[in-house]
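Input: a single structure, listed below in structure tokens.
Just so it is clear, the model here is predicted, and its values are computed rather than measured. Atoms within a ligand are numbered from 1 in the order they appear, just like the ligands themselves.
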Amino acid sequence: MCGIIGYSGREQAAPILLDGLERMEYRGYDSAGVAIRSETKGLQVKKSKGRLKVLSDMIHGGADLEGTLGIGHTRWATHGEPSDVNAHPHVSESGNIALVHNGIIENYMEIKEHLIKLGVKFTSDTDSEVVAQLLEFHYRECHNMLEAVGRVLRRIEGSYAFGIICSDYPDALIAARKDSPLILGYGKGCNFIASDVTAVIKYTREVAYMDDGEIAMVTPEGIDVFDSELVPVEKAHRTVDWDVSAAEKGGYPHFMLKEIMEQPDAIRRTVSPRIREGRVVLDDVKLTPEYVKNISRIFVIACGSSYHVGMVSKYNWEKLLRRPVEVVLASEFRYCDPLVDEHSLVVVISQSGETLDTMAAMREAKRRGGRTLAIVNVVGSSIAREADDVLYTWAGPEIAVATTKAYSTQLVLMDLVGLYLGDLLGTVSAEGYAAIVEGIQRLPEQMSASLKDTEDIKYFASRYFNHDSIFFIGRNLDYAMGMEGSLKLKEISYIHSEAYASGELKHGTISLIEPGTLVVALGSYMPLFDKAMSNVVEVKARGAEVMALTAASRREKMAKTADSVIAVPDTLAMLQPSLGVVPLQLFAYYVALQRGCDIDKPRNLAKSVTVE
Ligand code: AGP
């Protein structure tokens with residue numbers, strides 16, 4: 001959710017913090033703030049409701065704030081409405097300590113009541129301010145910030161990444177984490193903390209990932225890390241293998257469009273190293289053939305678009321593996337007493353690798369004896385580190401809140417894993433295996449071909465953008481793909497939309513179809529094409545306007561019934577969603593553009609959902 005950054009160095013901190021916050025604004029954007037410490041002015045805090053631009057204008061790009069040590073925050077509100085006072089940093093009553101926080105402190109009320117009884121006065125409604133005040137309380141007792149932070153961490157419950165500065169510490173900032181991401185960035189004569197590598201990549205590619213319970217002291221000379229007992233810890237450094245241009249728009253008007261266009265390359269990166277001489281090679285997974293043979297059940301756990309990848313994979317994996325695959329929303333999994341045991345393979349899908357619901361569900365699955373395999377994009381993220389096995393999607397940084405290239409790479413990676421497991425189980429024929437490998441290898445080139453001409457989709461978007469309710473219908477893989485098409489549309493264009501299994505329409509929902517209702521009919525799953533056609537006829541008979549999506553070989557047939565048709569290249573039925581989802585992403589994008597929406601940062605959303 002929120003993005004935090006901290007800098008300790010020799011340059012002016014404020015412009016560096018603003019730059020880092022801008023790169024992390026996708027994490028939350030309802031208010032922003034910075035705190036800077038200077039020799040002459042002590043701690044100065046500036047914060048404001050609204051986008052980062054409001055803050056940046058207020059402090060003239062940082063020029064107003066002098067000082068080489070600071071922390072910054074961009075917020076996605078949980079406790080307390082978006083407002084100037086609820087914006088971070090939060091400051092202790094004396095004004096000596098400033099703190100930024102990402103996460104939720106669950107027992108904040110009880111601590112707040114205790115501090116109020118001691119006479120502490122609060123200015124905001126947030127759980128985060130409680131930590132700043134509690135910190136001051138302990139600091140007054142022990143006069144040592146590290147010790148005080150350690151005491152606070154023992155008292156609070158919940159999730160957090162903190163950045164803290166104190167006026168008594170001229171060049172040190174303190175950081176701590178539990179269940180919220182935090183990286184350490186090692187620069188030359190300067191060091192950083194941040195929620196995400198994108199915030200510091202302009203200054204350094206050398207990073208380390210903080211672990212739960214760790215506390216770090218960051219100065220221009222170095223970063224010392226301690227465990228919760230304040231015993232020093234050695235951190236392994238990693239070098240980030242992409243550069244700043246990967247996290248910039250590169251001439252595109254929006255990150256989302258750039259990321260849609262990057263999909264063929266992203267898929268190539270996911271697939272190429274994993275196919276050798278026609279065989280799927282997953283060097284990173286340690287699943288033995290014996291273990292795989294004993295799998296009795298597979299769970300796929302995820303949220304949002306990652307869950308939709310799971311829905312597509314369910315259809316494909318059950319065919320390939322002949323094992324039951326249950327796709328469960330991560331937010332439900334923990335509370336449904338899941339039937340996981342040591343013969344359960346639990347596949348966890350997450351772009352960010354930080355989604356709290358998904359992480360909590362994964363822990364629950366492990367606790368019940370399941371073996372976890374994570375499909376993750378962000379290297380070093382919490383889910384990646386905690387899973388028994390991890391496969392990275394290698395999509396590169398995804399900045400737009402609406403996922404596109406991460407979804408596509410997850411999908412194709414799930415196809416590879418399905419094939420790999422099917423081979424170990426002996427449930428895939430030799431010809432089937434070879435055809436799927438060949439089909440997967442052709443996807444990037446087929447996708448590039450359809451991305452070359454987007455004129456039709458722009459036209460359809462201009463024709464349909466005024467609709468206020470849209471149905472996506474389809475069967476089997478088309479239904480699963482429709483869920484993603486519908487989510488894309490609603491999250492960025494704010495048009496109400498539903499994805500429905502076509503066969504289910506007549507059991508109630510068809511009553512909502514009236515003259516002019518837009519139905520996006522998905523008919524790209526060839527085994528059920530004729531049934532898809534019948535459903536188009538059915539809704540047309542009730543006056544619906546139908547925009548259909550099908551494979552190129554059926555375009556003409558579909559055009560006889562539907563009002564408009566989008567065609568994608570033909571491929572194997574199981575791979576068709578990889579090609580079909582692209583025009584749905586573009587349709588959502590151009591509809592949102594027509595409606596003047598803030599495409600990369602849709603209202604109320606954030607890229608990485610680290611609260612329950
Ligand atoms: C999709 O466009 C979303 N923004 C959202 O549904 C996302 O897929 C979901 O929050 C899960 O995120 P994750 O993959 O990072 O776990």
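By heavy-atom distance, the residue among V378, L356, V609 lying nearest atom 10 (O) of ligand 1 is V609. Of all the listed residues (S352, C303, S305), C303 holds the heavy atom that lies closest to atom 11 (C) of ligand 1.
Figure legend: R603 and Y494 shown as a cation-pi pair, the cationic atom lying under 6.0 angstrom from the six-membered ring centre and within 45 degrees of its axis.
Polar contact with ligand 1: present for V401 (N/O pair, distance under 3.5 Å). Among the atoms of K607, none of the N or O lies under 3.5 angstrom from an N or O of ligand 1.
Note on D241 versus R269: no salt bridge recorded, every NZ/NE/NH1/NH2 to OD/OE distance being 4.0 Å or above. Under the 4.0 Å criterion applied to side-chain N and carboxylate O atoms, R268 and D265 are assigned as salt-bridge partners.
Near L487, the atoms of ligand 1 lying under 4.0 angstrom from a non-hydrogen atom of the residue are 6 (O). Close contacts between ligand 1 and K488 involve ligand atoms 1 (C), 2 (O) [criterion: under 4.0 Å to a heavy atom]. Below 4.0 Å from some heavy atom of A402 lie the following atoms of ligand 1, by number and element: 2 (O). Residue contact check: S350 has heavy atoms under 4.0 Å from atoms 13 (P), 14 (O), 15 (O), 16 (O) of ligand 1. Against a heavy-atom cut-off of under 4.0 Å, S306 is close to the following atoms of ligand 1: 8 (O), 13 (P), 14 (O).
We find the OG-CD distance between S305 and E484 to be 3.5 Å, quoted to the nearest 0.5 Å.
Between Y108 and H79, the two ring planes are perpendicular [angle over 60°; tilted spans 30° to 60°].
Of all heavy-atom pairs between P338 and F333, the closest is CD-O, 3.4 Å.
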